[in-house]
Novice: 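Below is the structure I would like to discuss, written out as structure tokens.
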Amino acid sequence: MTDSSRYRPQEIEERWQQHWQSQGLALTPEPGPSGTSGAGEAAEPYYALSMFPYPSGSLHMGHVRNYVITDVIARVQRLRGRAVLHPMGWDAFGLPAENAAIERGVDPGAWTDQNIAQMRQQLQRLGLSIDWDREVATCHADYYRWTQWLFLQFLDAGLAYRSEATVNWDPIDQTVLANEQVDGEGRSWRSGALVEKRKLRQWFLKITAYADQLLDDLPKLEGWPERVRTMQANWIGRSRGAELSFAVVDADGAATGQQIQVFTTRPDTLYGVSYVVLAPEHPLVASLTSAEQQLPVTAFIDLVGRQSDQDRTAEDSPKRGVPIGARVRNPANGELVPLWIADYVLADYGTGAVMGVPAHDQRDFVFARQYELPVQQVIIPEGSDEHAYEGGAWTAAGVLIHSGPYNGLSSSEAKQQITAAAEAGGWGRGRVQYRLRDWLISRQRYWGCPIPVIHCEACGVVPVPAEQLPVELPQGLELAGKGGSPLARLESWVAVACPCCGKPARRETDTMDTFMCSSWYYLRYSDPHNTALPFSRSAVDRWLPVDQYVGGIEHAILHLLYSRFFTKVLRDRGLLGFDEPFRHLLTQGMVQGITYKNPHSGKYIAPADVADPSDPRDPITGEVLDTFYEKMSKSKYNGVDPAVVIDRYGADTARMFILFKAPPEKDLEWDDADVEGQYRFLQRLWRLVEAAADRGLLLSPRSGGFLLEPGSVPASASDQELRRAVHTAIAAISEDLDGDYQFNTAVSELMKLSNAMASQLEAASEPVALEALAVLLVLLAPFAPHLADELWQRLGANPDGDTSVHRQRWPQADATALRRDTVTLVIQVKGKVRGQLEVPADADAATLEQLALASEVAAKWLEGQPPRRVIVVPGKLVNLVP
RNA sequence: GGGGGCAUGGCGGAAGUGGUAGACGCAGCGCACUUAAAAUGCGCAGACGGCGACGUUGUGGGGGUUCAAGUCCCCCUGCCCCCA
């Protein structure tokens with residue numbers, strides 16, 4: 001073999017990337033006047049989308065996996081004749097840039113642009129077929145202008161409002177956070193700081209107005225993973241129940257006229273109420289607290305203010321509270337019960353007040369035990385004796401007792417009847433409650449999209465007129481990272497004339513949550529250069545909904561819920577014509593690196609410092625290390641740099657490895673030996689095709705495709721066998737790329753085809769061999785695009801550079817080639833495999849039974865007795881039951 | 001506590017509607033080529049027993065349905081995720 005014919009990805013990949021770019025291979029076909037765009041004109045559109053990255057400046061393996069998966073999908077759809085939109089952009093506002101500015105004094109915009117340039121370059125080395133002409137960056141004024149414009153749409157629709165609220169305050173990042181951005185331990189999703197409660201005036205989007213739609217449309221999203229839909233449903237958390245009024249009474253038991261509204265999902269337990277609890281922040285607490293309880297109540301409120309919601313409401317944490325020295329009347333039975341405040345009731349959920357039913361609610365039960373409040377059982381399990389309440393509350397539905405006129409009713413009947421009685425008696429009504437809160441979008445940070453409103457003493461909140469957009473972020477602001485909105489300190493920017501009355505007014509100084517920017521970027525790609533609108537109705541309706549969205553499961557709630565909300569609002573504004581933005585969603589698994597940890601010291605050890613991976617030991621102490629796979633991160637020294645892998649093996653090997661190693665939704669364990677194996681496979685392909693070319697097997701460019709006429713039956717058995725392997729691969733890979741994607745088995749089918757060709761190509765006739773070679777390279781093209789195009793050219797199919805393998809058509813399997821004359825029949829005796837028989841493929845059941853009974857296997861295992869029963873599965877097996 | 005998911009060789013993973021378990025690859029072993037090694041090619045390979053033909057056993061554990069169960073049903077164990 002000559003030296004020049006070795007597979008050297010470093011020499012071919014960049015060349016092909018440049019060639020594709022000059023050919024405009026990844027550009028999005030737009031419908032034009034007839035005759036102007038050959039491929040795109042009649043083609044059906046297909047939109048393949050990756051979740052756009054934050055431009056941190058360095059590409060990691062998680063990105064690579066995400067974009068390679070989307071790229072394969074985009075390339076397959078092009079080969080299938082679709083007009084493909086496959087864009088990329090940058091989620092470019094956010095704290096890292098601002099922190100860099102604070103720490104190093106650099107300009108956040110310049111810092112971000114530099115990172116974008118760096119990451120774009122890294123991305124391009126992967127050979128992704130991205131249409132870079134449609135790139136967007138959320139921090140550029142020509143993009144955020146439209147984020148502001150869309151905010152004004154929300155404002156105009158009454159879906160954006162400003163309100164004083166108790167909010168999550170992140171003391172490290174010095175900003176407020178949305179509920180969705182606080183984790184289960186009450187920590188910020190970004191900084192990890194324990195979130196504090198503060199009362200501030202903030203902007204909200206009224207996502208709760210769409211709670212029902214967001215929930216009810218989930219079943220329509222059949223192309224989404226079940227668990228993402230479940231997570232969203234849980235997050236929205238719709239519960240049906242009733243709001244009931246408890247009248248406040250004075251020391252003599254006379255009504256004071258004040259009412260406490262409670263929300264409950266269990267109106268059937270109303271007769272079991274032994275107290276009512278208010279949230280410590282409830283507005284009536286101050287006025288209802290008796291003189292003697294003043295001191296403990298004040299102290300308690302102060303204590304609770306320092307706790308997170310999660311700590312306060314967890315079922316297993318201790319419940320604390322104090323009575324405030326007032327009583328209320330149970331509207332059903334007239335009983336007087338004490339009024340308490342407690343940490344486990346939250347002000348902003350429901351009405352900020354709950355009725356305490358210790359016998360049938362676990363938290364109430366714990367609370368009642370703690371403070372020796374009475375426990376009144378009113379529900380018993382159907383058909384059973386009374387529950388003894390040893391361990392806790394009986395929270396399931398059952399039958400009512402001790403409930404006056406409702407005794408004997410089931411829980412569900414009682415819920416209806418008690419709610420109806422409340423409505424009739426004017427002391428309550430049925431109500432639906434959501435866990436979902438309105439979306440808090442104000443951030444007291446600089447590097448975000450300015451909220452385009454002006455505060456005027458005379459006119460109130462005035463939207464910035466659309467023609468004055470964008471409200472640009474001022475340059476050269478000194479960022480200190482301490483206290484309040486940085487923009488507020490720039491008086492020259494803040495002071496502005498009111499657009500309404502012309503008097504001096506002040507700009508809003510908060511910026512938007514970056515999730516605002518990412519809630520509509522997929523719409524902008526359809527029409528990225530529009531200067532009159534964020535997108536035209538015709539462009540957005542042509543390309544959307546996104547056919548396939550690919551990204552991490554970590555966005556299951558936040559980004560995906562917000563984007564669905566945006567889509568529904570914009571639909572109602574007439575800006576687009578669909579209900580849901582993403583038809584199919586693929587949540588790819590993490591990329592994990594091999595991780596070594598000293599079990600005694602807890603220290604992570606870099607793989608490079610482990611001398612012998614089969615017996616990993618601490619390089620200093622010699623202790624045996626724990627070995628496992630975990631998500632790649634700097635602190636664990638288990639990351640693998642994509643650039644290093646590409647330098648060594650090329651992008652095609654990296655792509656193939658990532659696709660082959662695990663199914664796309666599962667976590668993937670990075671393994672250098674497996675990468676090496678993948679590289680060997682590509683080398684084998686190279687040698688296979690080179691050997692064929694050396695023998696004079698050459699493909700000439702032609703328009704009619706490279707397949708033999710469907711139905712062709714070559715004369716020789718070996719040709720038939722090779723053809724069967726070729727068309728089996730077509731059928732199998734086509735199926736793996738349809739619906740739910742199985743790239744791992746698709747790659748293994750490519751390996752099988754290559755193995756078959758390695759042993760059979762030499763003996764094959766020229767037409768059959770050429771068909772096999774052409775099919776192999778077209779099937780390979782989406783996965784290893786550089787190698788496929790290089791070999792395609794080396795086989796002579798692309799002499800002028802304009803008949804790339806990526807411009808070919810995805811092959812159709814020929815049923816004739818898949819047909820067999822004989823098949824292997826399995827012979828079972830009593831369900832156990834005992835032998836095999838070659839039989840004619842078209843033999844009927846009776847023939848198969850006879851062949852099986854006449855076989856040696858039958859003779860050996862039936863011992864001369866005729867079987868009691870025979871089951872025949874034509875084409876598969878015969879089961880003899882003695 | 002509620003909901004969702006997962007469990008298959010030494011490892012990653014394959015196995016339409018129940019129908020030959022372990023495809024494909026990694027690691028391993030043997031052979032060929034080589035002075036040697038690497039690379040490459042060919043072959044073996046779940047476990048147990050047997051020189052062998054072959055037999056037994058085997059998809060986290062237990063039970064069931066069926067001619068036939070990785071696949072369907074019930075119970076249990078362990079792990080992951082979401083909500084509490």
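These figures come from a predicted structure and were not determined experimentally. In what follows, chains are A, B, ... by sequence order, proteins preceding strands, each numbered from 1.
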Novice: Report all side-chain donor-acceptor pairs from residues 870-882 of chain A shorter than 3.5 Å, counting only partners two or more places apart or in another chain.
Specialist:
{"residue": "N879(A)", "atom": "OD1", "partner": "K830(A)", "partner atom": "N", "Å": "3.3"}
{"residue": "N879(A)", "atom": "OD1", "partner": "G831(A)", "partner atom": "N", "Å": "2.9"}

Novice: Checking contacts here: which listed nucleotide (G2(B), G41(B), C67(B)) is nearest the side-chain heavy atoms of N234(A)?
Specialist: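 Shortest atom-to-atom distance from the side chain points to G2(B).
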
Novice: Taking only residues two or more places apart in sequence, or in another chain, which ones meet S759(A) in a side chain to side chain donor-acceptor pair (under 3.5 Å)?
Specialist: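 Side chain to side chain donor-acceptor pair (under 3.5 Å) list for S759(A), sorted by chain: empty.
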
Novice: How would RNA chain B look in dot-bracket form, 5' to 3', counting Watson-Crick and G-U wobble pairs with both distances under 3.5 Å and writing | for bases paired to another strand?
Specialist: (((((((..(((......[....))).(((((.......))))).((((....))))..(((((..]....)))))))))))).

Novice: What does nucleotides 4-16 of chain B look like as a protein-contact string, B for base, S for sugar-phosphate only, - for none, at under 4.0 angstrom between heavy atoms?
Specialist: S-------BSSS-

Novice: Quiz question: going by heavy-atom distance under 3.5 Å, is there a donor-acceptor pair between the base of U20(B) and the side chain of Q828(A)?
Specialist: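 Result: no qualifying N/O pair found.
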
Novice: With a non-hydrogen cut-off below 4.0 angstrom, is R868(A) in contact with a base, only sugar-phosphate, or nothing?
Specialist: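 Here R868(A) touches no strand at all.
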
Novice: Report each atom pair, protein N/O against N/O of nucleotides 55-59 of chain B, whose distance is under 3.5 angstrom.
Specialist:
{"residue": "U56(B)", "atom": "OP2", "partner": "R834(A)", "partner atom": "NH1", "Å": "3.0"}

Novice: Once you apply a heavy-atom cut-off of 4.0 Å, does E749(A) come out as touching a base, just sugar-phosphate, or nothing?
Specialist: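 No contact.
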
Novice: Counting the atoms with a prime plus P, OP1 and OP2 as sugar-phosphate, which does V833(A) contact under 4.0 Å by heavy atoms, base, sugar-phosphate, or nothing?
Specialist: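 Sugar-phosphate contact only.
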
Novice: Any donor and acceptor pair, going by atom type alone, linking the side chain of D364(A) with main-chain N or O of V357(A) inside 3.5 Å?
Specialist: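 Judged by distance alone, yes, a pair lies under 3.5 Å.
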
Novice: Give me the residues of residues 837-845 of chain A where at least one heavy atom lies under 4.0 Å from an atom of RNA chain B, by number, or none.
Specialist: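 Those residues whose heavy atoms fall under 4.0 Å from RNA chain B, taken from residues 837-845 of chain A, amount to none.
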
Novice: Would you say R680(A) places a side-chain N or O within less than 4.0 Å of OP1 or OP2 belonging to A27(B)?
Specialist: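 For R680(A), the contact criterion (side-chain N or O under 4.0 Å from OP1 or OP2 of A27(B)) is met.
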
Novice: Please check if the side chain of S563(A) supplies one atom and the backbone of L560(A) the other of a donor-acceptor pair under 3.5 Å.
Specialist: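 A pair under 3.5 Å: no.
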
Novice: Is V881(A) touching bases, backbone alone, or none of the nucleic acid, heavy atoms closer than 4.0 Å?
Specialist: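 Sugar-phosphate only.
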
Novice: On the 0 to 90° scale, with breaks at 30° and 60°, tag the F657(A)-W670(A) ring pair as parallel, tilted or perpendicular.
Specialist: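 F657(A) vs W670(A) ring planes: perpendicular.
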
